[in-house]
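All values reported here derive from a predicted model rather than from experimental measurement. The first residue in the sequence is number 1, and the count goes up from there.
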Amino acid sequence: LRLRLRIAGLPELGTFPWEFMYDPSLSRFLALSVDTPIVRYLEMPQALQPLTVQPPLRILAMICSPKDYPRLDVEREWQNLQEAMQDLQSRGLVDIQRLEPPTLSALQQRLRREQFHIFHFIGHGMFSDSQQDGLLLLEDDHREGYRLSGRDLGTLLHDHRPLRLAVLNACEGARTSSEDQFAGTAQSLMQQGIPAVIAMQFRITDQAAIVLAHEFYGSLADGYPVD
């Protein structure tokens, strides 16, 4: 039973952590069971078209740790990503590429020249109350922080037709506004036509981000669906 949260017209309800729904009669969090995944669903004017993917499934990882912000253990997370997909890579089912350098211009060029099915971001994220949108911290040519809004990232990824999933391993990637259901990085990406986004509503520890990446891709490798 997929629990699909459709809260269009009531954006204030989107700020609650629905993923923590708990059934006291079973002493269990619903989202922890593969039988009851919880998915936030945004009403879109256009239906998403399915895409048949010929292996390998291509993942573009953008790993950012600007020198003027707190350092992240991004190298360990990159190693976990590779380890989680090692078996699938050896069988030719998955291809993981790391974007170097992790700049906006490099991302634009890579998307023009190659096709990817998953965009995986590792780095700092935040929500701007003034802009009513989420921000991801990329790196500029001097390895200093460059703030990219969810709307701008969505505009860039929208034209990359093969892209089916964005994974934002960053703080507040799914934080939203009580006034606009599309305010936020994950929400902006979905508004621009990305079929699915995995992101965190609140701040997370570096260790939690590492575990999430390892377990998520390990589950995909074992045949589980995204939700």
Side-chain angles (χ1 to χ4, degrees), residues 32 34 37 51-67 69-125 136-141 143 145-146 148 153 156-157 160-174 185-186 189 194-200 203-227:
L32 294 183
V34 296
L51 175 70
T52 301
V53 176
Q54 296 295 329
L57 184 70
R58 306 204 68 215
I59 303 172
L60 179 61
M62 189 174 194
I63 303 174
C64 303
S65 185
K67 63 182 181 181
Y69 284 85
R71 300 293 296 175
L72 299 173
D73 194 0
V74 294
E75 295 305 323
R76 181 181 173 194
E77 195 163 345
W78 170 239
Q79 181 180 355
N80 280 342
L81 267 179
Q82 293 178 304
E83 290 177 355
M85 287 293 163
Q86 185 174 8
D87 178 59
L88 291 180
Q89 289 190 85
S90 64
R91 291 157 53 192
L93 299 178
V94 168
D95 177 28
I96 304 178
Q97 298 291 325
R98 181 172 179 174
L99 180 66
E100 290 286 2
T103 63
L104 178 59
S105 60
L107 176 61
Q108 291 174 309
Q109 292 176 9
R110 198 67 174 272
L111 293 178
R112 285 199 305 264
R113 298 169 181 173
E114 300 180 55
Q115 291 191 346
F116 295 95
H117 309 111
I118 298 176
F119 173 71
H120 187 111
F121 178 83
I122 299 173
H124 288 290
L136 296 180
L137 278 177
L138 277 57
E139 295 183 16
D140 62 16
D141 294 333
R143 298 202 62 240
Y146 174 83
L148 182 68
L153 179 60
L156 174 62
L157 297 181
H160 198 72
R161 302 301 182 186
L163 194 68
R164 314 312 290 166
L165 170 67
V167 179
L168 307 179
N169 225 334
C171 292
E172 299 185 346
T185 304
L189 294 184
I194 306 303
V197 181
I198 294 179
M200 275 61 98
R203 293 185 178 275
I204 57 170
T205 64
D206 204 13
Q207 177 64 23
I210 291 171
V211 171
L212 173 70
H214 185 272
E215 293 303 315
F216 172 68
Y217 285 112
S219 297
L220 280 186
D222 291 334
Y224 283 86
V226 170
D227 56 359

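- Residues Ile59 and Gln97 form no side-chain contact, since every pair of their non-hydrogen atoms from C-beta on lies 4.5 Å or further apart.
- Taking the side-chain contact (heavy atoms from CB on, under 4.5 Å) definition, one finds that Glu215 meets it with Val211, sequence neighbours left out.
- Closest approach of Leu168 and Met200 over heavy atoms only: O-CE, 3.7 Å.
- Closest non-hydrogen pair, Leu156 versus Gln108, comes out as CD1-CG, 3.6 Å.
- Among residues two or more places apart in sequence or in another chain, the salt bridge (Lys or Arg N to Asp or Glu O under 4.0 Å) test is passed with Glu77 by none.
- Among residues two or more places apart in sequence or in another chain, the side-chain contact (heavy atoms from CB on, under 4.5 Å) test is passed with Tyr69 by Pro66, His124, Leu137, Arg147.
- Remark: Asp73 engages no residue in a salt bridge (Lys or Arg N to Asp or Glu O under 4.0 Å) (not counting sequence neighbours).
- Residues Cys64 and Val74 share a closest heavy-atom pair of O-CG1, 4.2 Å.
- To the nearest 0.5 Å, atoms CZ (Arg143) and OG1 (Thr103) are separated by 12.0 Å.
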Exercise. Checking side-chain contact (heavy atoms from CB on, under 4.5 Å) for the pair Leu107/Leu153: CA distance, chi angles, key distance, verdict?
Worked result: CA-CA 10 Å; Leu107 176 61; Leu153 179 60; 4.2 Å; yes
Quiz: residues 80-88 side-chain donor-acceptor pairs under 3.5 angstrom, not counting sequence neighbours:
| unit_1 | atom_1 | unit_2 | atom_2 | d |
| --- | --- | --- | --- | --- |
| Gln82 | OE1 | Trp78 | NE1 | 3.4 |
| Glu83 | OE2 | Gln79 | NE2 | 3.1 |
| Asp87 | OD2 | Arg91 | NH1 | 2.8 |

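- Pairing each heavy atom of Ile204 with each of Cys171, the nearest pair is N-SG, 3.3 Å.
- Applying the side-chain hydrogen bond (donor to acceptor under 3.5 Å, both in side chains) test to Arg203 and every residue at least two apart in sequence or in another chain returns nothing.
- Using a 4.5 Å heavy-atom cutoff, the side chains of Ile198 and Leu165 are in contact.
- In this structure a side-chain-to-backbone donor-acceptor pair under 3.5 Å is missing from His117 to Arg164.
- Separating the CG atom in Leu99 from the CG atom in Leu60 is a distance of 5.5 Å, to the nearest 0.5 Å.
- Ile194 is not listed as a side-chain neighbour of Phe119, based on a closest heavy-atom distance of 4.5 Å or more.
- The two residues Ala106 and Pro101 make their nearest non-hydrogen contact at CB-O, 3.2 Å.
- Partners of Gln115 under the side-chain hydrogen bond (donor to acceptor under 3.5 Å, both in side chains) rule, at least two apart in sequence or in another chain, do not exist in this structure.
- Checked against side-chain hydrogen bond (donor to acceptor under 3.5 Å, both in side chains), Asp140 has no partners two or more places apart in sequence or in another chain.
- Among residues two or more places apart in sequence or in another chain, the side-chain contact (heavy atoms from CB on, under 4.5 Å) test is passed with Ala170 by Phe121, Leu136.
- With values rounded to the nearest 0.5 angstrom, Arg58 atom CZ is found 11.0 Å from Ile96 atom CD1.
- Applying the salt bridge (Lys or Arg N to Asp or Glu O under 4.0 Å) criterion to Arg98, with sequence neighbours excluded, gives Glu75, Glu100.
- With sequence neighbours left out, the side-chain hydrogen bond (donor to acceptor under 3.5 Å, both in side chains) criterion links Ser65 to no other residue.
- By the side-chain contact (heavy atoms from CB on, under 4.5 Å) test, Arg113 pairs with Gln109, sequence neighbours left out.
- The closest donor-acceptor contact from the side chain of His160 to the backbone of Phe116 lies under 3.5 Å.
- The minimum heavy-atom distance linking Leu189 with Leu157 is given by the pair CD2-CD1, 4.1 Å.
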